[in-house]
Amino acid sequence: MKIIPYRVTLLEPLLATRIAGDPNSGVSYPYVPGSLVRGAAVAAYMRERDIAALDAGAEDVRRLFFDGRTRYLNAYPVDARGIRTLPTPRSLFHVKGEESSIYDFAIETISEVDDEKVQFVAAARESQPFCWMEDNHIFFIAPERRINVHTQRDRVKGRATDESGAVFQYDALEEGQTFAGWVLVDEDADVELASSLLRRSYRLGGSSNSGYGRVAVEVGTPQDVWRETPNRIAPINGGETFVVTLLSDTAVRDPNTGQYTWNLQPALQRLLGVEIERVQAAAGEEEQRGVWRLEEAGGFNRAWGLPLSQAQVIAGGSTFVFRARATIPLEAISSAEWRGIGERRSEGFGRLAFNWQSEAQLARVTPPKASPIAQPAPKLDGVAYDMAQQMARRALRRELDGMLCKAINDVQIPRRPPVSNAQISRLRIIAREALPHGDLARLQKYVEENIKTRRSVRDQFDQTRLGSERLSRWLEERLSQPETVWNKLGAQNVSKRIGDNVQVSAHGNESLAREYTIRLIDGVLARLAKERRKEDGGSR
């Protein structure tokens, strides 16, 4: 028996639709269901073997995907420390107006609390669906979500029409988050294959061709020792009460009617091999209470292209309090937690924990601060590399152009520049001719032959000041040291990166420095010409 840990990082919003909301909306589960992970593994298995459909009767296929000997557990959100959180037990509550103290009905009924002031934590599951309990402390977390509104389009016309134009909404998990889960493998020989099927990028969930569902899966080293909850397993003595917390949705059937039921006792009794009874208020036992909820669970079969039939399940986080009529050995508890209970266990249903909750009162603490999650950057090659280079260069130029405009506008231009419009225009013509090839030598030659050697022209450039600096000196520095243009623009560290191996930057790019030097000179001269026209009575 081996445990394969895996982590799912959302590269795009994920829409793992559950049965909720109105017909014109899709609401995602707050976690990555094990059924999606199993479906991705099935797709990878079929691609590797180049087959169009699985033989569901084959022994290796049934063992890997269908009969529960390999179980793909739900991936729940991780906290800032990277620890996988668990569904919030539904027996937790706080007193109205006093949210710092959390009480647990499954451990002890607080008789002095007015029932009207009891507020169950699970009633606000959208804001605190997951938690982590350690000693007598607890904190709650909720994954970030994204709500997008879409309009249905006609497939032929490519736009909304009167007949096909419904507005619908997607409530999806936000990209950039990480979720952690496990794959439990009964047969050691299947560990390597199961790990290889998961270790890649996938598209999960709905609308995967419309900007949803791209994820990266990271697979850890297989483990031998494992338990979903942090506390250690201990045997349960005869006559002792114990708490069972469901860590995922659970589908069990009534042994008499065959219908789905909330009553966990018969199935759990068969699983443990020990007779148990449920502690309930109806029998006059008020010291402990179980709290559970029934929900509808569905799904979608891609092979059929049809939704699965809906089933009534006991919601994750439900708690039950039982009394053992005989000692439940450690091996029976460990086996029950390993195998799970009920139907659809290969999809992550039926996870349970014994005596995870042990404190009647917990102190609510602030969760650890979240740290940014780095998305894996792909290494590009071929056409993708060329396209990424072009995109990065365009993005870099767009940012540099904005900085260039700001730098030109920030230059202090005198109200009455001594330099004549004729001299400005001649220099601008040379600058524009030099720009296509970054020919700074031509500009330098013009300055040497037509400005420095002619006293009347040199005086005009010397007397014109940009702030406290003479225009002649400013031009000389720009033309002799083009690399300093990045300092003038504030772009010394500007760069753009796409993927793992595509990066362009302004620093060290000589041709780009020459180009932006000429554009900076031309922009400043244009502002001087505009100021001269104002003095000469022009309107522009």
Asker: Can you find a heavy atom in the side chain of Val215 that is under 4.5 Å from one in the side chain of Leu11?
Answerer: no

Asker: Check whether Tyr45 forms a cation-pi arrangement with Arg49 (NZ or CZ under 6.0 Å from the six-membered ring centre, at most 45° off the ring normal).
Answerer: yes

Asker: Nearest 0.5 Å, what's the OG1-CG distance between Thr517 and Leu475?
Answerer: 11.5 Å

Asker: Does either side chain, that of Ser495 or that of Asn493, offer a donor lying less than 3.5 Å from an acceptor on the other one?
Answerer: no

Asker: So do Phe139 and Thr366 actually touch side chain to side chain, heavy atoms under 4.5 Å?
Answerer: no

Asker: Is the backbone N or O of Leu15 less than 3.5 Å from a side-chain atom of Ser28, with the two atoms forming a donor-acceptor pair by type?
Answerer: no

Asker: I'd like to check Arg345 versus Leu184 (side-chain heavy atoms, cut-off strictly below 4.5 Å). Are they in contact?
Answerer: no

Asker: How about CE on Met391, more than 12 heavy atoms from neighbouring residues, nucleotides or ligands closer than 6.0 Å, or not?
Answerer: no

Asker: Here's a test for you: under side-chain hydrogen bond (donor to acceptor under 3.5 Å, both in side chains), which of Arg71, Arg63, Arg339 qualifies with Asp186?
Answerer: Arg71

Asker: Looking at Ala407 and Leu489, what are the two nearest heavy atoms and their distance?
Answerer: CB-CD1, 4.1 Å

Asker: Treating Ser207 as the side-chain partner and Tyr212 as the backbone partner, does any N or O pair qualify as donor plus acceptor under 3.5 Å?
Answerer: no

Asker: So does Gly316 get a backbone contact from the side chain of Ser248, meaning a donor-acceptor N/O pair under 3.5 Å?
Answerer: no

Asker: Salt bridge or not between Glu476 and Arg470? Use side-chain N to carboxylate O under 4.0 Å.
Answerer: no

Asker: For residues Gly211 and Pro13, report the shortest heavy-atom separation together with the two atoms involved.
Answerer: O-CD, 3.7 Å

Asker: Salt-bridged, Glu175 to Arg214, with N to O below 4.0 Å?
Answerer: no

Asker: So Leu247 and Thr229, do their side chains get closer than 4.5 Å, heavy atoms only?
Answerer: yes

Asker: Between Arg227 and Glu337, is there a donor-acceptor pair closer than 3.5 Å when you use the side chain of the first and the backbone of the second?
Answerer: no

Asker: So, the side chain of Trp486 versus the backbone of Ala506: is there a donor-acceptor pair under 3.5 Å, distance only?
Answerer: yes

Asker: Working to the nearest 0.5 Å, report the span between CD1 of Ile408 and CZ of Arg519.
Answerer: 8.0 Å

Asker: Can you tell me how far apart CZ (Phe179) and CG (Asn74) are? Round to the nearest 0.5 Å.
Answerer: 11.5 Å

Asker: Could you go step by step and tell me if Gln423 and Phe461 meet the side chain to side chain contact (heavy atoms under 4.5 Å, CB included) rule?
Answerer: CA-CA 9 Å; Gln423 295 301 329; Phe461 280 84; 4.0 Å; yes

Asker: Kindly give the heavy-atom pair with the smallest separation between Ile413 and Arg527, and that separation in Å.
Answerer: CG1-CZ, 3.5 Å

Asker: Which value, rounded to the nearest 0.5 Å, describes the distance between Arg432 atom CZ and Leu443 atom CG?
Answerer: 12.5 Å

Asker: Does a side-chain heavy-atom distance below 4.5 Å link Gln223 with Pro5?
Answerer: yes

Asker: Hey, is CD on Gln412 packed in by over 12 heavy atoms from elsewhere, all under 6.0 Å?
Answerer: no

Asker: Between the side chains of Glu295 and Arg18, is the shortest nitrogen-to-carboxylate-oxygen separation below 4.0 Å, so that they form an ion pair?
Answerer: no

Asker: Is Gln444 reaching over with its side chain to a backbone N or O of Leu479, donor-acceptor style, under 3.5 angstrom?
Answerer: yes

Asker: Output yes when Glu218 and Arg7 qualify as a salt bridge under the 4.0 Å nitrogen-oxygen rule, no when they do not.
Answerer: no

Asker: Do Thr250 and Val313 have side-chain heavy atoms sitting under 4.5 Å apart?
Answerer: no

Asker: So which heavy atom on Thr85 is nearest to which on Cys131, and how close?
Answerer: CB-O, 3.5 Å

Asker: If you apply the rule side chain to side chain contact (heavy atoms under 4.5 Å, CB included), what do you find for Thr17 with Tyr170, and how did you get there?
Answerer: CA-CA 9 Å; Thr17 311; Tyr170 283 161; over 6 Å; no

Asker: Please confirm whether the backbone N or O of Thr88 pairs with a side-chain atom of Gln128, one donor and one acceptor, at under 3.5 Å?
Answerer: no

Asker: Any carboxylate oxygen within less than 4.0 angstrom of a Lys/Arg side-chain nitrogen, looking at Glu477 and Arg473?
Answerer: yes

Asker: Which of parallel (below 30°), tilted (30 to 60°) and perpendicular (above 60°) describes Tyr76 and Phe130?
Answerer: tilted

Asker: For the atom pair CZ (Arg497) and OG (Ser505), what is the distance rounded to the nearest 0.5 Å?
Answerer: 11.0 Å

Asker: Run the numbers on Arg478 and Thr484 for side chain to side chain contact (heavy atoms under 4.5 Å, CB included), then give the verdict.
Answerer: CA-CA 7 Å; Arg478 300 288 76 73; Thr484 60; 3.4 Å; yes

Asker: Side chain to side chain contact (heavy atoms under 4.5 Å, CB included) for Asp522 and Leu435? Distances and angles first, verdict last.
Answerer: CA-CA 10 Å; Asp522 183 61; Leu435 180 59; over 6 Å; no

Asker: List the atom of Ser196, the atom of Glu48, and the distance in Å for their closest heavy-atom pair.
Answerer: OG-OE2, 4.5 Å

Asker: Quick check: are there more than 12 heavy atoms from other residues, nucleotides or ligands sitting under 6.0 Å from CZ of Arg394?
Answerer: no

Asker: If we ignore hydrogens and angles and just use 3.5 Å, is the side chain of Thr70 paired with the main-chain N or O of Phe65 as donor and acceptor?
Answerer: no

Asker: Tell me, do Gln312 and Glu296 make a side-chain contact under 4.5 Å, heavy atoms counted?
Answerer: yes

Asker: Between Arg397 and Glu515, does any NZ, NE, NH1 or NH2 come within less than 4.0 Å of an OD or OE carboxylate oxygen?
Answerer: yes

Asker: Is it true that the NZ or CZ of Arg38 lies under 6.0 Å from the centre of Tyr72's six-membered ring and within 45 degrees of the ring axis?
Answerer: no

Asker: Considering all heavy atoms of both residues, which atom of Leu14 and which atom of Gly213 are nearest to each other, and what is their separation?
Answerer: CD1-CA, 4.1 Å

Asker: Report the relative orientation of the aromatic rings in Trp338 and Trp226; use parallel for angles under 30°, tilted for 30 to 60°, perpendicular for over 60°.
Answerer: perpendicular

Asker: Below 4.5 Å, heavy atoms only, C-beta onward: do Tyr31 and Pro129 meet side chain to side chain?
Answerer: no

Asker: For Arg293, is there any backbone N or O sitting under 3.5 Å from a side-chain donor or acceptor partner on Ser318?
Answerer: yes

Asker: Kindly compute the distance separating CG (Leu528) from OG (Ser425), expressed to the nearest 0.5 Å.
Answerer: 11.0 Å

